[in-house]
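Working notes, structure below.
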Amino acid sequence: MPKVSIVILNWNGYKDTIELFKSVKLLNHSNCEINTIIVDNASTNESITKIKSAISSQKAFELIQNQSNFGFAGGNNIGIKKAISLGSDYVMVLNNDTILDSNIVFNLVSFMENKPQVGAASPKMYFAKGFEFHKNRYNTNELGKVIWYAGGDIDWKNMYGSNHGVDQFDTGQFDQPLETEFGSGACLFLRSSVLKDVGLFNEKYFLYLEDTDLCIRIRQRGYLIYFVPSAILWHKVSQSSGIGSLLNDYFITRNRLLFASKYATLRTNIALFKESIRFLINGREWQKKGVMDYYLKKFGKGSWQN
């Protein structure tokens with residue numbers, strides 16, 4: 001029976017993490033063994049105390065306490081390394097602000113076991129109720145069935161990832177498994193043998209585009225990435241780190257340049273170079289810092305201090 005490790009990264013978000021535990025404990029694991037690794041990224045609030053209390057009687061839950069904030073990439077890598085050391089066949093990297101359908105792991109394992117060429121997969125992701133981008137657009141009976149991710153494409157000219165189906169009410173239009181360019185880091189189901197082959201998240205990114213970078217490396221080694229619609233979760237999509245936020249300004253600006261330098265055409269790199277000059281002259285404060293840090297090769301957390 002295959003082993004699955006669920007890796008959950010926490011940073012000052014114990015309320016979401018503990019709520020997620022409730023759905024983890026209800027998972028159908030009739031076709032696999034499941035253990036859960038929580039990685040705390042040096043939280044500054046009561047997260048450690050609260051999480052320890054929540055998992056104290058749970059044998060399949062383990063807490064790793066980081067002494068520094070290593071970002072999404074570095075924090076999850078610590079959990080992934082632990083999972084692989086435990087002999088897990090699959091690693092499920094999972095945002096703490098998600099709620100799981102009870103059959104999500106069962107369906108992902110069933111899919112992956114039957115398709116050995118698939119290196120990674122992501123489930124169908126709905127907006128959690130109340131977290132939709134356009135809250136007044138939907139009828140009450142449509143809430144909880146509004147799509148956030150149903151596969152994705154990369155805009156290679158602008159170096160952005162684009163989710164399929166965003167804001168659409170689910171009427172079954174995305175009910176077939178689909179090969180996709182990238183899986184979402186909100187829930188990325190990874191084959192351990194593939195991770196051993198291609199490596200883990202690139203910690204230069206710290207936050208944003210590290211999941212897409214990993215998916216590209218997986219595909220470059222000949223494996224496939226799939227969207228698996230029978231597997232479902234609900235995502236409390238963050239508004240605070242969206243377009244225009246300081247966090248987004250810094251990491252997206254810097255990391256798009258890094259991502260493009262590795263994978264984009266010369267033409268795209270020239271266009272992004274011109275854009276970066278415009279940001280230096282007329283951009284917002286953290287866009288300017290993102291550009292400067294890229295050219296100064298200040299990666300990881302870089303200049304980000306918030």
Side-chain angles (χ1 to χ4, degrees), residues 71-74 119-120 122 125 133 147-168 178-186 188 198-225 227 237-306:
F72 182 94
S122 281
M125 304 188 202
F133 289 147
I147 292 169
W148 180 73
Y149 172 90
D153 296 317
I154 299 170
D155 178 348
W156 289 103
K157 290 184 178 179
N158 296 295
M159 306 312 291
Y160 284 111
S162 177
N163 292 358
H164 296 168
V166 177
D167 294 328
Q168 293 184 30
L178 175 73
E179 186 180 351
T180 186
E181 284 198 284
F182 69 90
S184 170
L188 197 54
V198 305
L200 309 186
F201 290 118
N202 185 337
E203 296 182 16
K204 284 185 175 181
Y205 290 94
F206 193 79
L207 179 70
Y208 291 138
L209 289 174
E210 68 291 288
D211 51 350
T212 309
D213 174 272
L214 177 58
C215 287
I216 289 177
R217 287 188 280 125
I218 289 171
R219 294 175 66 224
Q220 285 178 336
R221 295 290 288 182
Y223 305 103
L224 305 178
I225 310 290
F227 159 66
V237 179
S238 173
Q239 307 298 312
S240 61
S241 61
I243 298 299
S245 71
L246 303 182
L247 181 80
N248 185 276
D249 274 355
Y250 177 69
F251 286 107
I252 286 292
T253 300
R254 187 196 68 182
N255 289 354
R256 280 175 67 225
L257 291 166
L258 173 60
F259 188 74
S261 71
K262 297 179 65 179
Y263 303 115
T265 63
L266 176 61
R267 183 174 181 177
T268 295
N269 273 290
I270 290 171
L272 287 179
F273 172 75
K274 292 177 179 178
E275 180 186 79
S276 72
I277 299 303
R278 291 196 298 272
F279 281 158
L280 280 175
I281 297 169
N282 296 313
R284 295 184 291 268
E285 176 188 5
W286 283 94
Q287 288 177 322
K288 293 179 180 179
K289 290 182 179 180
V291 170
M292 288 188 291
D293 278 7
Y294 169 74
Y295 290 115
L296 292 171
K297 301 189 183 301
K298 291 178 65 175
F299 298 116
K301 192 173 183 180
S303 295
W304 183 252
Q305 299 297 325
N306 292 24

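Since the model is a prediction, treat every value here as computed from it, not as a measurement. Every heavy atom of this structure was used, including side-chain atoms; hydrogens, water molecules and symmetry mates were not. Counting from 1, the numbers follow the sequence of the chain as shown.
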Any donor-acceptor N/O pair, [X] side chain to [Y] backbone, under 3.5 Å:
X	Y	value
Thr253	Val291	no
Asp155	Asn158	yes
Asn269	Ala260	yes
Arg254	Lys297	no
Asn163	Trp148	yes
Asn255	Tyr208	yes

Among side-chain atoms of Tyr263 and Asp213, is any donor-acceptor pair under 3.5 angstrom? yes
Should we count NZ of Lys262 as having more than 12 external heavy atoms under 6.0 Å? yes
Would you call Arg284 and Asp249 a salt bridge, using N to O less than 4.0 angstrom? yes
Aromatic rings Tyr149 and Phe227: how do their planes relate, parallel, tilted or perpendicular, breaks at 30° and 60°? perpendicular
Which word best sums up how the rings of Tyr250 and Trp286 line up, parallel for under 30°, tilted for 30 to 60°, or perpendicular for over 60°? perpendicular
Heavy-atom pair of closest approach, residues Ala120 and Ile218: CB-CD1, 4.0 Å
